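Each remark here refers to the structure printed beneath this line.
Here is how names work: the chains are called A, B, and so on, in the same order as the sequence lines, proteins then strands, and each is numbered from 1. Bear in mind that the values here come from a model prediction, so they are computed numbers and not experimental data.
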Amino acid sequence: MSEESVKKESQPAKAPERVYGVGHKLIGKDYPTPDLYAKVTGLAKYAEDYHADGMLFCKLLLSPLPHARVKHIDTRAALAMPGVKAILMADELPPPADSLTDNGTVIKANLKSERALTMEPLYQGEPILAVAAVDELTAAEAIEQIRIDFEPLPFVIDPLETLRPGGPNPRLEGNIWVQAPAPSAAPGAPPPNPPPPTIGELKWTKEDFANAKEGQLPMGKVPGEWSYGDLDPGFKNAALVLDETFVTPDTSHQTLETRTAMAYWQNGKVHVFTGTQSTAQTVPAIARWLNIDPSNVVLISEYTGGGFGSKITGGVTLVIPALLSKKVNAPVMMRISREEETFIGRARPSLMGRMKVGFSKEGRVIALDMFVISNNGPYDANGDVPSSGRIVSLLYQCEAMRWRGATILTNTPPRSAQSSPGGMQGIAIMEPIIAKAARKLGLDQVAIRRINCPEGKAPVGPVMKSDGKRPHATSAFLKEALDRGAEQFKWNERVARTPKRSGTKVRGVGVSLSCYVGGSIGFDGLLVITPEGRVRFQSGIGNLGTEAVMDVHRAGAEVLGVPWEKCDITWGDTAKNFPYTCVSGGSQTTHAMTRAAYATAMDAKKKLQEIAAKSLGGKPENYEVANERVFRKGGGAGMTLGQAAAKAIQLGGVYDGHEPSADLNKLTKASMAALAGQGLIAAAKDNYPRDGQTYSYVASFAEVEVDVETGKYYIVDFLAYADVGSVIHPRALGGQVLGRSVLGMGHTLGQKWVYDPHYGAMLSTRFYQNKPPTILDVPVNMQWAALDIPDPETPVGARGVGEPPVGGGCASILNALSDALGDEIFRRAPVNADTILTSLEAGRPMQHPLMAHI
Amino acid sequence: MGDSDDNDHKLNEAPPTTISRRDLIKGVIAGGVTVSSASYLFRATSLLGQSGQSTGERLLTINVNGQLRRADVMRQETLAWTLRHKLGLTGTKLGCDRAECGSCTVLINDIPHYACSVLTHMVRDRKVLTIEGLASPEGKLHPVQQGVIDEQGFQCAFCMPGFIMASVGFLKTNPNPTRGELAFGVSGNLCRCQDYDKILTALMRGAENMRRASNV
């Protein structure tokens with residue numbers, strides 16, 4: 001091992017070990033999660049690890065062209081091959097199903113949305129057909145035998161190119177989605193849902209393009225706009241006005257487990273084995289994609305090899321093995337290769353943003369004019385563009401703000417939410433401007449963020465039509481996180497350290513604010529207390545690595561006072577009866593499902609008290625629940641949880657699950673019906689009030705060392721200080737805070753798509769061409785901490801954490817780089833060695849400012 | 001892997017003592033299979049009995065996790081495929097199938113190798129250790145596995161078997177590494193949850209467990 005190849009061992013100031021969950025037995029404490037033994041021994045089964053007797057394999061035929069119409073397919077030679085069992089084509093897919101909301105209104109299916117196979121591929125790599133055969137080699141050889149004639153159609157991979165006058169459209173009908181308003185409601189009826197969006201055309205004028213100076217994003221007409229406050233006085237009174245353009249990269253999710261799926265049918269039910277972020281909620285998605293009743297879907301997903309937003313309810317391509325299996329009456333495994341995953345595996349859309357920001361001399365953001373467009377790919381519009389505006393408005397508490405934006409369709413792979421969709425990009429666009437303003441105004445980087453950051457019930461976004469007010473956050477303690485983080489990171493010492501340059505090495509420090517949504521409400525929990533005295537939590541949460549699938553039930557066990565050793569968790573197989581559960585996306589699980597777990601434990605407690613009163617006399621409120629017993633307050637008669645469970649079975653009715661409470665979701669009721677009679681069954685809906693929208697926050701600090709001779713840079717130290725409400729499971733939280741920070745860093749360190757613009761063909765299809773950060777790209781000692789201040793609007797106090805750290809991971813590195821190198825090096829991410837070297841030499845940013853996929 | 005590839009290994013000769021990427025490709029060519037642009041291709045045994053097809057399989061005996069295991073193996077078959085689909089050892093994961101991510105890392109004669117890039121016929125007469133063979137037959141976890149449990153290492157854990165096998169291999173020759181040295185030792189493994197800090201803490205705990213176990 002040479003000297004240079006070994007990572008530098010930095011010695012950051014080690015913070016004293018934080019004690020979380022003061023006053024709790026389980027909440028805030030570390031414990032080995034029940035899925036860990038199977039993981040370390042290799043026994044944990046992910047989708048590709050399942051095998052069924054007579055299982056066939058399938059392979060996909062992917063479009064070689066970015067936009068084309070399939071004119072003719074000849075499958076005769078392929079079907080004649082020994083071992084080839086069936087071919088599935090787009091016209092065999094069931095028609096897209098409408099969906100029914102919980103209040104009974106119908107959401108019409110959008111016929112222009114993505115489906116699993118297509119005869120008009122809209123991006124290179126889109127699946128056209130699938131072959132099932134006795135093995136993969138035969139299936140792949142059969143694909144080679146298929147004759148297919150394409151009619152090439154116009155294509156575009158760069159959003160600005162399709163916006164030009166006369167520019168090509170990615171779809172025959174245009175380049176943007178247009179949403180017609182909902183029809184007005186009939187008297188007494190619930191308001192109908194708006195019709196599905198249609199595709200329209202948006203073109204900017206020559207003047208729009210000519211008005212933008214070199215390096216500036218042109219600003220033509222866009223469909224999205226909101227504002228609050230008055231911008232003009234802000235800009236007039238500002239001590240400093242900056243007008244900056246910044247471009248963030250398209251970044252593939254690159255889950256290490258691809259979206260492999262296996263399926264078979266048994267007694268009219270389809271059994272699907274795949275990775276998904278959400279167990280219970282993937283069933284209705286599969287039912288919709290297959291246009292069958294959800295009661296005919298069984299999903300097995302005990303372990304999922306990463307999601308990051310790309311597998312919120314699995315992937316639509318899972319219908320391919322399901323339909324092939326039905327066609328040939330045999331199990332079918334569809335293994336997705338790494339290249340295939342690059343095309344069908346989802347990605348974060350690039351955002352191009354232009355911000356005009358007015359600062360007071362103290363650095364307060366008094367006026368912000370934000371303009372963003374995204375590179376969305378060809379299918380459904382992602383929320384990144386609108387969410388970028390909302391997050392920026394919250395995080396910097398701009399006194400007056402206008403947001404404008406458009407989601408532009410292109411012939412590139414479909415995007416989906418990726419950890420902090422829109423938030424990460426908005427923060428990456430805004431933070432370098434804050435950093436530049438601090439330098440211009442002579443302000444400390446922590447200080448300028450401190451006077452702008454949200455506090456308490458901070459307002460967010462535009463005025464709501466419903467009540468004429470701006471919505472607000474449930475809470476924000478980000479100032480405290482910023483202060484404590486600056487102290488732990490020894491920010492002032494690092495800033496004061498001289499010289500910054502030593503030989504060819506220059507050091508720089510950066511800080512960033514970060515936040516994202518952190519929780520939803522209104523879901524159900526379900527548990528069984530068995531006559532053996534054990535508590536079994538039915539967990540419909542996906543096991544995607546965050547451990548929320550286990551962690552949230554610690555809140556329930558804490559309420560019941562049951563030792564964790566007496567608790568079991570059922571997860572990963574929808575035949576095992578789960579309650580109505582949130583999807584694990586939008587960092588909502590910890591918040592939503594600790595609320596549901598808390599409500600359910602309270603329901604169990606109430607039932608235990610009632611059973612004790614019925615059995616032993618007195619009133620329910622005379623009994624308390626603790627130490628695996630329900631007993632008369634102040635001592636006296638009592639019974640064990642096991643005895644109470646046996647009694648619950650005798651009593652039946654509400655006690656053993658035969659009479660669910662009316663407000664439960666129908667999925668929960670169906671699961672209760674299946675479990676009824678097994679013991680004391682508790683189920684409850686989270687009906688707790690909440691004032692405000694739930695967000696979580698992070699203050700991120702980084703130090704980098706740049707070699708100005710090679711352009712290479714290292715992250716020397718990193719700290720993320722989180723404001724995520726009460727800490728539930730410290731180690732899992734630390735994994736999320738630092739893991740998602742590093743996911744954000746990848747956008748700075750080098751991840752991007754590269755395209756051949758002439759053919760519309762992607763060149764960065766493998767890890768080595770589009771590499772996520774490795775263990776050598778991050779400091780050997782990273783640091784994280786959490787305030788552990790409960791959120792006042794949720795009974796357990798816990799909020800979600802997955803997404804909030806991402807923007808700060810990206811932007812703290814950007815800011816540290818500009819601290820080291822100045823403001824004239826980069827105006828897009830990632831920042832690679834060649835960017836640094838060429839720009840340093842020229843004294844101005846040398847990358848093309850706007851061209852997509854370079 | 002730093003191996004020399006100074007002589008050609010013909011199929012009928014004694015298996016090589018080391019394997020490089022170049023050996024793998026040569027091995028595939030020797031097996032008479034064209035490298036196809038389609039990725040992830042494997043032939044199942046079920047074509048046997050179908051006329052006009054020759055899968056070129058032969059019965060091999062390989063030493064896996066201390067047991068002699070027999071399997072019908074194609075000439076171009078990778079060790080990862082044999083382990084996963086012929087021997088039922090699915091703990092060895094395929095994340096890329098092209099030596100980029102390390103999820104398929106196993107030990108071959110105590111040296112970590114990417115099983116996606118080793119041909120099964122090249123490991124005859126060698127000892128293959130997978131994640132399933134790491135705990136003792138009585139179920140006592142290997143110190144590195146225990147370290148992962150102690151520290152709640154890893155998130156989704158799809159990369160975990162590869163990281164653990166790479167660590168166990170590295171620690172055999174570097175029993176007392178610094179965090180930086182151990183990071184270097186597992187730098188051929190990719191974690192997309194990017195939980196590197198906690199992974200490193202867990203593997204360092206594993207190293208400590210190993211030293212403690214060897215001192216008693």
Has the side chain of B:Gln194 got a donor or acceptor atom that lies under 3.5 Å from a matching backbone atom of A:Pro773?
-> yes
Look only at the side chain of A:Lys39 and the backbone of B:Gln155, and say whether a donor-acceptor pair between them is shorter than 3.5 Å.
-> yes
In terms of heavy-atom pairs under 4.5 Å with chain A, the winner among B:Cys159, B:Ser187, B:Cys156 is B:Cys156
Interchain contact, A:Ala139 with chain B, by part (heavy-atom threshold 4.5 Å) = neither
Scanning both residues in full, the closest heavy-atom pair of A:Pro32 with B:Ile149 reads CB-CG2, 4.1 Å
CD1 of A:Ile775 to CZ of B:Arg179, rounded to nearest 0.5 Å, is 8.5 Å
Find out whether A:Leu738 and B:Lys198 are in side-chain contact, i.e. whether some heavy atom of one side chain is under 4.5 Å from a heavy atom of the other.
-> no
Can you tell which part of A:Leu256 gets under 4.5 Å to a heavy atom of chain B, answering side chain, backbone, both or neither?
-> both
In short, B:Gln152 meets A:Tyr31 closest at the heavy-atom pair OE1-O, 3.3 Å
Side chain A:Arg766, main chain B:Cys96, donor-acceptor under 3.5 Å | yes
Residue from B:His142, B:Glu132, B:Gln145 passing side chain to side chain contact (heavy atoms under 4.5 Å, CB included) with A:Thr41 | B:Gln145
Does a side-chain heavy-atom distance below 4.5 Å link A:Asp49 with B:Lys93?
-> yes
Examine whether an atom of A:Tyr50 lies under 4.5 Å from a heavy atom of chain B, and if so say whether it belongs to the side chain, the backbone or both; otherwise answer neither.
-> neither
Looking at B:Gly95 and A:Phe767, what are the two nearest heavy atoms and their distance?
-> O-CE1, 4.1 Å
B:Arg192 (side chain) donor-acceptor with A:Glu257 (main chain) under 3.5 angstrom = no
In Å, rounded to the nearest 0.5 Å, how long is the span from CZ of A:Arg731 to OG1 of B:Thr201?
-> 9.0 Å
Under 4.5 Å from a heavy atom of chain B, the part of A:Ala133 involved | neither
Give the member of A:Thr33, A:Val40, A:Leu743 that has the highest number of heavy-atom pairs under 4.5 Å with chain B.
-> A:Val40
Between the CG atom in A:Leu137 and the CD atom in B:Gln76, the distance rounded to the nearest 0.5 Å is 6.5 Å
Can you say whether A:Phe308 sits under 4.5 Å from chain B via the side chain, the backbone, both, or neither, judging by heavy atoms?
-> side chain
Would you please test B:Leu200 and A:Met782 for side chain to side chain contact (heavy atoms under 4.5 Å, CB included) and show each step?
-> CA-CA 10 Å; B:Leu200 199 47; A:Met782 300 180 80; over 6 Å; no
Structural part of A:His729 lying under 4.5 Å from a heavy atom of chain B = side chain
Pairwise side-chain contact, A:Thr774 with B:Leu190, heavy-atom cut-off 4.5 Å (strictly under) = yes
Under 30°, 30 to 60°, or over 60°: which ring-plane class applies to B:Phe158 and A:Tyr46, parallel, tilted or perpendicular?
-> perpendicular
How about B:Lys127: does its NZ atom have over 12 heavy atoms from other parts shown lying under 6.0 Å from it?
-> no
Which one of A:Gly734, A:Gly305, A:Gly735 has the most heavy-atom pairs closer than 4.5 Å to chain B?
-> A:Gly735
Rounded to the nearest 0.5 Å, what separation is found between the CG atom of A:Leu36 and the CG atom of B:Asp150?
-> 9.5 Å
Can you see which heavy atom on A:Tyr768 is nearest to which on B:Glu100, and at what distance?
-> N-OE2, 2.8 Å
Hey, is B:Arg84 close enough to A:Glu48 for a salt bridge, meaning N to O under 4.0 Å?
-> yes
Check whether B:Ser103 gets within reach of chain A through its side chain, its backbone, both or neither, counting any heavy atom under 4.5 Å.
-> side chain
Nearest 0.5 Å, what's the NE2-CZ distance between B:His85 and A:Phe57?
-> 5.0 Å
Proximal component of A:Gln736, with respect to chain B [non-hydrogen, under 4.5 Å] = both
Name the region of B:Gln146, side chain, backbone, both or neither, that has any atom closer than 4.5 Å to a heavy atom of chain A.
-> neither
Which bit of A:Glu547 is near chain B, if near means a heavy-atom gap under 4.5 Å: side chain, backbone, both or neither?
-> side chain
Heavy-atom pairs under 4.5 Å with chain B are the metric here; pick the option from A:Met745, A:Lys771, A:His253 that has the most.
-> A:His253
Contact class of B:Leu141 relative to chain A, heavy atoms under 4.5 angstrom | side chain
